[in-house]
Amino acid sequence: MTTNEDGQLERAQITLGDDIIICDNVKKWFGDFQALKGVTTNVKEREVVVVIGPSGSGKSTFIRCINRLEAHQEGTIIVDGTELTNDIKNVEKIRSEVGMVFQQFNLFPHLTVLDNITLAPQWVRKLPKKDADEAAMQLLERVGIPEQADKYPGQLSGGQQQRVAIARSLAMKPRIMLFDEPTSALDPEMIKEVLDVMKELAMSGMTMIVVTHEMGFAKEVADRVLFMDYGLIVEAGTPEHFFTNPQHDRTKLFLSQIL
Amino acid sequence: MTDYTVVEAIDEIAPEPPPKGPLVWLRHNMFSTIGSGILSVLAVLLVIFVIRGLMGFVFSPERQWGAITVNMRLLMIQAYPPAQFARVWVAVAIPLVLIGATFAAWRVGGNTSRRTVGGTILGIGALVVLAGVLGPFTLSTALVWIVVGAVLAGGGYVLRIAGGEAARQETIPVLGLALGLIVLGLVAIWVLPLPVPAKLVDGMVITDPALAGDFPQAEQTTVWRGIASSTTIPWTIIVAVGVLAFALVRFARDRMSAELLHNLVVAGWILSFPVIVLVILRDPDIDYGKVLSFYLPVALVFAVLGSLLLNYVASPSTGEIGRVLGAVVLVAALISFLFPMSFLIRFLLLGLAGFTLAAPTFGGEGAGRRRFLGVWVATALITAYLFAIITAPSTVAVLSAFFLGGLSLTILLAVTAIAASFPIGVLLALGRTSTMPIFRMMSTVFIEVVRGVPLITWLLIATLMFPITLPPGVEIGRVIVVIIAMTMFSAAYLAENVRGGLQSIGKGQYEASKALGMTTAQMTVFITLPQALRAVIPALVGQVIAIFKDTSLVVIVSLFDFLFIARNVIPQQSQPFNFLGALRETLLFAAVVYWMFTFTFSRLSQRLEKKLGVGER
């Protein structure tokens, strides 16, 4: 990790690896409604992909297909060399390698912050409790709230809860992190603290797919921006291309509405 | 001119609160409108009539309260042999010791204010005055009531207001207050007299039932006597032991880890009930020859071989073969029921199958696996021990069919049915919400069939029809059959409550668990079930209370429970004292006892809810 002259973290030095996620013509229906109409894209190791688009465009469905919270019906998704099928063992293996952060945090309200983070490493990764506790405390340091370890999620602010949720996912040492609108349920003054954690994560070389409306985040850290609408990737490109020279009419309209 | 304004934030003093006082309170809360004034007056009249009726009933000269005091043993434990009565006292002492230990281990207590305590005393005093005025007393007795009540109320009032604001400060330790009440209660049982029946023979008053039986024709009366020392001494010792347990645990809690202490106390509670009933009250006459030649070897073989198997299956590197082995053990266990074999072996095989199937999910490396194996070894040994003591004959010689009766039988039925129905109910709820159709269907059918038929019918089916279906030579006691019926009935209702809790859990919890790679079993045990149970505590406590009261239905199959003795046994006594028809006294007493238990449950659940409420969304 390097910093530029302002002390800001710099992403330019990170080199992308091979394809770690391969999506080919992914289709998904909810009843008669087709949510994904053939999504094809690959994500490289250490790449940060930001997915934007209007609500109902299928962007959440798309990333939820990647760890099979939703099952796609046609097409192929290959994550880290394993194809996603109905085989439950494959699915559990992939889920333990792919972290996910939700819009509503989804922390476990009956467990302390520390237990929220250590539960999965202890029982899924079979880590001894002591090691899991130590790793969890390091992660809490990393997201900046070690002092909240013994509190319950309900006692934390939204921003703090989302940072715990990120720490909880990281505790599984995932190779890929999915973010499903991580800041949409937050008060404006808390968005920054969560985005800062996500930026730090991006700078450390984590492969990330982020569904968000935070255009600033996209400009700053994304390697690639996908614009989705009607269940399709309408336009894809670098942030520069996207925010200065969008090609598709739908993209132009969307950007003009939110910028 | 500027086009902006700047405001400085200044804290102002809050306005004076409106005047307070009893009159203001009355006007606000009882007479705010004409309609509510009328309703208030009617309600107060109703309360007065109820108190008057109750006092008239309790203190009527016709009442034979001696029917209860002289029959207290019968009501509590029916015909338990007096020679072995020490066992009963130990059985009572164990829960008290555990209560003391629990209070200390969880640091129950805190402080209360003089204002609160004074208010309570004031209220009690006012009630005593009211009772004195409304009761069927002579003028002098009524005056005693009124004076005592007035002194209490006055003392309470002074305590409540003296010192003004200082009275609001929470400086009185609740535990000290509790200790004071305990001492007061002990003094009361040593000092206060109770009404007991007596025979008048030639001007002599005979209260001893053994002697009174010699004078069937003599006039019967009621006299006031202190409680016998065979009751007061054990109670004093038991209470002292309970307080001592509190003091000891309080001393120990700062010198050991809180987690260990809590685990010890919880283990004590879990073990206490089977130990009290099966070991202390039943006193099995264990055949040590058979233990050494059969039970112990079988348990050890299962513990050792089972541990080896589980050690292999639970290690993360074993993988899928573990579940296959679990299935093999399960099939072996089911087959064992087709051949003549000790039930101990059958149950241990079933248990091993369950542990093997759970091993890949809850095993792990190092300490986790060792703990898992430890639980298995303990399960095997405890199962064998339970078998040894249940199959052994009892040394307690009672004339009736079962060694317990009265309140002890009621408690036995209730606690066993509740404790056993809890895991079954949870499994049924999980089955009914499962994605596997066969489990869903079986659970649904079971729940709907069991809930659709009244408990009385199930009790009759269990005692009259079920024994016919057993293979020849197998006999199951009536109490066991009744417990099974009540357990199944309660489990069906519990299952529906738990299902409600499971449905209240948001989709996000499932998604978050799945996204972390948890299996369905892990998600259920660690995430959804704990939250579901927490959400339905009020309904679960309602179920516990309902089952406790429903135990009285066992009169239909002639079990001598508490209510049966109160309703059918005592009112038919004519010797040594005549209580024919003394039904109202015993029923009122039974009602008060049932209420004391259920009210305690309800209060405990409120505390539990509050405690578990910490950290809720």
Side-chain angles (χ1 to χ4, degrees), chain A residues 63-64 66-70 88-89 91-113 115-132 150-156 161 165 168-174 177-178 180 185, chain B residues 258-259 314-323 358-372 435-436 501 504-535 537 611-617:
Chain A
I63 71 163
R64 288 159 62 86
I66 292 174
N67 68 351
R68 213 171 175 80
L69 283 182
E70 306 285 358
I88 189 78
K89 279 288 149 201
V91 172
E92 274 165 13
K93 178 173 166 287
I94 284 173
R95 280 175 181 161
S96 65
E97 308 232 324
V98 180
M100 179 140 189
V101 176
F102 300 87
Q103 182 178 359
Q104 298 297 339
F105 328 137
N106 294 347
L107 294 176
F108 307 130
H110 62 299
L111 298 176
T112 62
V113 165
D115 289 339
N116 261 279
I117 300 174
T118 56
L119 188 70
Q122 251 191 80
W123 294 101
V124 180
R125 287 256 187 267
K126 312 279 185 195
L127 229 59
K129 173 148 178 58
K130 206 171 123 273
D131 299 0
D150 294 324
K151 289 198 182 160
Y152 286 89
Q155 296 165 302
L156 305 186
Q161 289 194 46
R168 180 176 70 174
S169 290
L170 290 177
M172 290 294 286
K173 299 207 186 336
M177 286 285 285
L178 308 175
D180 188 3
Chain B
E259 201 187 341
S315 79
S317 54
T318 304
E320 276 307 286
I321 193 82
R323 296 194 196 271
T361 305
F362 300 105
E365 294 290 359
R369 188 150 88 221
R370 281 199 296 278
R371 199 166 51 227
F372 190 71
T435 48
M436 296 171 79
S504 74
I505 291 167
K507 204 171 102 215
Q509 295 291 307
Y510 293 92
E511 289 184 347
S513 325
K514 291 239 141 104
L516 287 165
M518 290 190 207
T519 63
T520 309
Q522 288 166 340
M523 180 173 76
T524 306
V525 171
F526 298 123
I527 306 300
T528 52
L529 203 52
Q531 292 186 56
L533 292 179
R534 227 165 268 225
I537 288 174
K611 204 169 167 61
L612 294 179
V614 178
E616 281 291 307
R617 273 172 262 235

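Letters A, B, ... mirror the listed sequences (proteins, then strands); counts begin at 1. For clarity, every value in this text was computed on a predicted model and none was experimentally measured.
- Partners of S96(A) under the side chain to side chain donor-acceptor pair (under 3.5 Å) rule, at least two apart in sequence or in another chain, do not exist in this structure.
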With side chain to side chain contact (heavy atoms under 4.5 Å, CB included) as the criterion, how do T361(B) and R323(B) come out once you've worked through the C-alpha distance, each side chain's angles and the decisive distance to 0.1 Å?
CA-CA 10 Å; T361(B) 305; R323(B) 296 194 196 271; 3.6 Å; yes
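- For the set K129(A), E97(A), R64(A), the entry with the most heavy-atom pairs within less than 4.5 Å of chain B is R64(A).
- Ranked by heavy-atom pairs under 4.5 Å with chain B, the list K151(A), R168(A), Q104(A) is led by R168(A).
- A salt bridge does not link R95(A) to E92(A): none of the charged nitrogens lies less than 4.0 Å from a carboxylate oxygen.
- Contact annotation for V98(A): only backbone heavy atoms (N, CA, C, O) come within less than 4.5 Å of a heavy atom of chain B.
- No other option in K507(B), M518(B), R369(B) has as many heavy-atom pairs under 4.5 Å with chain A as M518(B).
- Interface residue Q522(B): only side-chain heavy atoms are found under 4.5 Å from chain A.
- Looking only at side-chain heavy atoms (C-beta outward), F105(A) and L156(A) stay at 4.5 Å or farther from each other.
- Contact annotation for F108(A): both backbone and side-chain heavy atoms come within less than 4.5 Å of a heavy atom of chain B.
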Apply the test side chain to side chain contact (heavy atoms under 4.5 Å, CB included) to residues M100(A) and I66(A): give CA-CA distance (whole Å), side-chain angles for both, the deciding distance (0.1 Å), then the verdict.
CA-CA 10 Å; M100(A) 179 140 189; I66(A) 292 174; over 6 Å; no
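- Of all non-hydrogen atoms in A185(A) and Q103(A), the two that sit nearest each other are CB-O, 3.5 Å.
- Of the residues considered (S513(B), P530(B), G508(B)), G508(B) shows the highest number of contacts with chain A, using heavy-atom pairs under 4.5 Å.
- Neither the backbone nor the side chain of K130(A) has a heavy atom closer than 4.5 Å to any heavy atom of chain B.
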